[in-house]
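Please read the structure below before turning to the comments.
Whatever order the structure lists ligands and atoms in, that order sets their numbers, starting from 1. Note: hydrogens, waters and symmetry copies are ignored here, and every other heavy atom, side chains too, is used. Keep in mind that what you see is a predicted model, and the values were worked out from it rather than measured.
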Amino acid sequence: MTSHLVTGIGELTTHDDRFGGPLPDAALVAEDGVVTWVGAARDAPAADRRTDLGGAAVIPGFVDSHTHLAFAGDRSAEFEARMVGATYTGGGIATTVAATRAASDDELRARLRRLVDEAGRQGTTTLEIKSGYGLDVDTEVRLLRLAREVTPETTFLGAHVVPAGVDRADYLALVIGPMLAACAPHARWADVFCEPASPLAFDGDEARAVLQAAAAAGLGLRVHGNQLAPGPGIRLAVELGAASVDHCTYVSDNDVAALAGSGTVATLLPGVEFSTRSPYPDARRLLDAGVVVALASDCNPGTCYSTSMPLMIALAVREMRMTVTEAVRAATLGGALALRRDDVGHLRPGARAHLAVLDAPSHRHLAYRPGVPIARALDL
Ligand code: NIG
Ligand code: FE
């Protein structure tokens, strides 16, 4: 056992209810990568090693519970067109699928790792990564294997869209049958883009069929729901006990009622609304109804090419009227709940010692200093 004492923490956010908020002048001890003690610096026990953070604020490392980091190609021209009036439809996904299928494992691995490193340089210590840019059995398996190299939180998203030139019913049968069977050993989760308004994505019945097959194959469930229009995604996610329903941009009273008191987290992805110039989800309505909310980046080449959780916090506070406390909690503990993890997203004793160290005196600076790289990941 090696114990590691971290001192010089100007403000420590733990999500430990014993403290009722961030602790000033705090210290933390980890043993073999697990938090064993947090408290006031003056009470800190001795340890084998010591690191002084010089007054930095510390929060739990960000848990980015929704990304699509395994892809090749570039869609910056699509983004530029959107900024002068084009609407996001999901049609650009085909461009990424073609580039991804053509890329070698080494190329995909290098890109993926660069993005994971980029996220870490902004304080992310846990990442979920989806497939969904292969849309054939071999490439979907390849993407999940590569994602598995960097995270246990891998998600099979064969039901992202129906690929060009493939019959809808045939594709659905492939996803539910051979593709799921080949992918399930490499995935913890399955996800589906449930969006009846999009001719490319899946309606409620199709999404239900995919999710039920995935659950029968032993996968946990997640849903892309209610992104582009009202629809059945949220209620389906709640009904099937999904861990999370993500986007939640177009939400009805029934959707809010279904989410409140359910075990399904509403994951908001404000980088998507920012990068597609769309209306933001009504975070206040969800929070005020008691819904558990997570914030994630959705980093992907189409709707939000950013790995920055601090940016998501700044957008949540500025554009969605979440308090800074709510936003930081949603980006850490909320993400952990969306992944059904109790060992990350907080810094109570027993947690993994995954920290985000801020070059700032308070967690408030995450929203107060938008675009400034003040956060970095530190795994003890
Ligand atoms: O989460 N909504 C569907 N999927 C992605 C975007 C995929 C893309 O455009 O490449 C999302 O926004
Ligand atoms: Fe997504």
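Closest to atom 6 (C) of ligand 1, if we only count protein heavy atoms, is Y88 OH, 3.3 Å. At the shortest separation from atom 11 (C) of ligand 1 among protein heavy atoms lies D298 OD2, 3.1 Å. Looking only at heavy atoms of the protein, atom 12 (O) of ligand 1 is closest to T303 OG1, 2.7 Å. Nearest protein heavy-atom contact of atom 7 (C) of ligand 1 is Y133 OH, 3.3 Å. Considering only non-hydrogen protein atoms, atom 2 (N) of ligand 1 sits nearest to Q227 OE1, 2.6 Å. The shortest contact between atom 4 (N) of ligand 1 and any protein heavy atom is with H160 NE2, 2.8 Å.
For ligand 1, the atoms lying closer than 4.0 Å to a non-hydrogen atom of H66 are 1 (O). Atoms of ligand 1 lying under 4.0 Å from any heavy atom of G302, numbered from 1 in the order shown and given with element: 8 (C), 9 (O), 10 (O). Of all atoms in ligand 1, numbered sequentially from 1 with element shown, those under 4.0 Å from a heavy atom of I93 are 7 (C), 8 (C), 9 (O), 10 (O).
Between H365 and Y368, the two ring planes are perpendicular [angle over 60°; tilted spans 30° to 60°].
Residues T249 and Q227 have side chains that never bring a donor and an acceptor to within less than 3.5 angstrom of each other.
Note on ligand 1: E195 sits outside its first shell, no heavy atom being nearer than 4.0 Å. At a 4.0 Å cut-off, not a single heavy atom of T96 sits close enough to ligand 1 to count as contact.
With respect to R285 and D253, a salt bridge is recorded, a charged nitrogen being found less than 4.0 Å from a carboxylate O. Residues D106 and R109 are paired through a salt bridge, judged by an N-O separation under 4.0 Å between the basic side chain and the carboxylate.
Across T100 and R142, no two heavy atoms sit closer than the pair O-NH2, 3.5 Å.
Side chain of T264 to main chain of A243: no donor-acceptor pair is present (N/O by atom type, distance under 3.5 Å, no hydrogens or angles). Checked by atom type and distance alone, the side chain of R82 never pairs as donor or acceptor with a backbone atom of Y88 at under 3.5 Å.
To the nearest 0.5 Å, the span separating CG on L286 from CG on L268 amounts to 6.0 Å. Considering CG of L333 and NE2 of H15, their distance stands at 5.5 Å, rounded to 0.5 Å.
Around the Fe ion (ligand 2), protein N, O or S atoms at a distance under 2.8 Å total 4; waters are neither shown nor counted.
A cation-pi arrangement is present between R168 and F202, with the terminal nitrogen or guanidinium carbon under 6.0 Å from the aromatic centre and inside a 45° cone about the axis.
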Trace of the ring-ring contact (aromatic ring centres under 6.0 Å, His included) decision for H224 with H68: CA-CA 12 Å; H224 279 72; H68 307 245; 5.3 Å; yes
